[in-house]
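All remarks here apply to the structure that follows.
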Amino acid sequence: MRKFPKTLPISISLEHLPMPETELKQICLEWEDQRFSFFRPAVVMEWKSTPLPLGKSSLILDLKLSLPFWQGLVAFLLPNWYYQNKKHQLTEILLDQIDSKNKKKNTNFFFKLWNRLWRTPVSIVWLNLGFIKISMNLDLDPKLLPNSHILTYDGEIKLYFRIGYLKTINYQFTKKEFKAPFPKFAEMYIKTRDKHEDKSLGKVYYSFLGYLLETKSDEYLLPYLGFNFTLPNSLRNQVPDEIWNVIDPGIHSLWIEPNLSANELEFRTVYQVSTSSQNHPK
C-alpha cells in the first residue's frame, strides 16, 4: 500500500498587485472559465481577490497538485523543500500570466482611452458636506503608504474624514446623478510626512487612503463607479460608525470637488456652490 502523498495542497498569496480589484477579479473569472489551464497539472480549488488602497489589489489561490509516485516520494522525504520549490514554480507561472495581461492592456490604446473618458470620475458634487478629525489606535500596514511616514501622537494616529451625501459623479462626457435617499459617502485621510529616498522626512500633510460608504456591504460598487481607491477590510473594519453622525440633514448645501486625481488634502479642494454652510476647513 502506497504511503507517499498523492496530492499536495499549495497556497499562493500576492499582495499589492498594480491593478484595481475589479480588473483582477475579471481576469480571474476569465481564467476560471479556462479552468486555470496554465497551472496544469495543478488544479485551483479556490481563489479570492481583495481591494487595496491606491488602486491596488491582492490575490489568494488555493491549489491541489497531483503527485506521481516518484514526486510523492520526494515530497515524503523532503516535504519543506518540495513544497517551497513547487510553490515558487507556480507563483512564477502566475506572475507571468499577470504580467502578460498587463502588457496586453497597456498596448490597447482604445481600452485605455475608453476607460479614461467614460469610467474615470473627474469631479463629484457633495450634499451637506462635513468633516471630522479623530485620533485613534489603528492597526495599519505601512506598506499602504510606502513613500510616507505615518505620524503618531501618544501612540495614536490622526485621521481626517470628509463626509456627506454623494449627489453627482461627473465623468468626461457623462455624469451619474443620485436621487434621495442619497448614499452617505466619505474620503479618508491620514496624517503623514513625506519620506525621501535618502530616508529624510519632508513636510507634513494628510495622505489620501480611500473612499467609504456608510453601508460596508455596498462598497463593492465603488470600483464600478470609478472609485478604485477603496480600503482593505482589515482597515475598513476599524473605522468607527460614529463618523457618519457628522452629516447634518438640516443643512442644505452643495459643494463641488473638481480634482479627484490629487492625493494630498491641501490639493483636493472643494468649492461651495450654494449657501447656508460653513466654509471648507483649512
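Note that the numbering runs from 1 along the sequence shown for the chain.
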All ring-ring contact (aromatic ring centres under 6.0 Å, His included) counterparts of Phe38, not counting sequence neighbours:
Trp31
Parallel under 30°, tilted from 30 to 60°, perpendicular over 60°: which one fits the rings of Tyr224 and Tyr220?
perpendicular
Side-chain (Asn237) to main-chain (Asn233) donor-acceptor, under 3.5 angstrom
yes
Same hydrophobic cluster for Leu63 and Ile60, using side-chain heavy-atom links shorter than 4.5 Å among ILVMFWY?
no
Hydrophobic clustering (ILVMFWY, side-chain heavy atoms < 4.5 Å, transitive) - are Leu94 and Val43 grouped together?
no
Hydrophobic cluster membership, Ile12 vs Leu29, 4.5 Å side-chain cutoff
yes
Looking only at atom types and distance, does a side-chain atom of Glu257 sit under 3.5 Å from a main-chain N or O of Ile124, one as donor and one as acceptor?
no
Who pairs with Glu177 by salt bridge (Lys or Arg N to Asp or Glu O under 4.0 Å), at least two apart in sequence or on another chain?
Lys175
Rounded to the nearest 0.5 Å, how far apart are CG of Leu24 and OG of Ser57?
4.0 Å
Decide whether Leu221 and Phe227 are clustered together by the hydrophobic rule: side chain heavy atoms of Ile, Leu, Val, Met, Phe, Trp, Tyr closer than 4.5 Å, transitively.
no
Which class fits the ring pair Tyr211 and Phe229: parallel under 30°, tilted 30 to 60°, perpendicular over 60°?
tilted
Hey, quick one: are Tyr160 and Met136 part of the same hydrophobic cluster, counting side-chain heavy atoms closer than 4.5 Å, chains of contacts allowed?
yes
Phe178 six-ring centre to Lys176 NZ/CZ under 6.0 Å and within 45° of normal:
yes
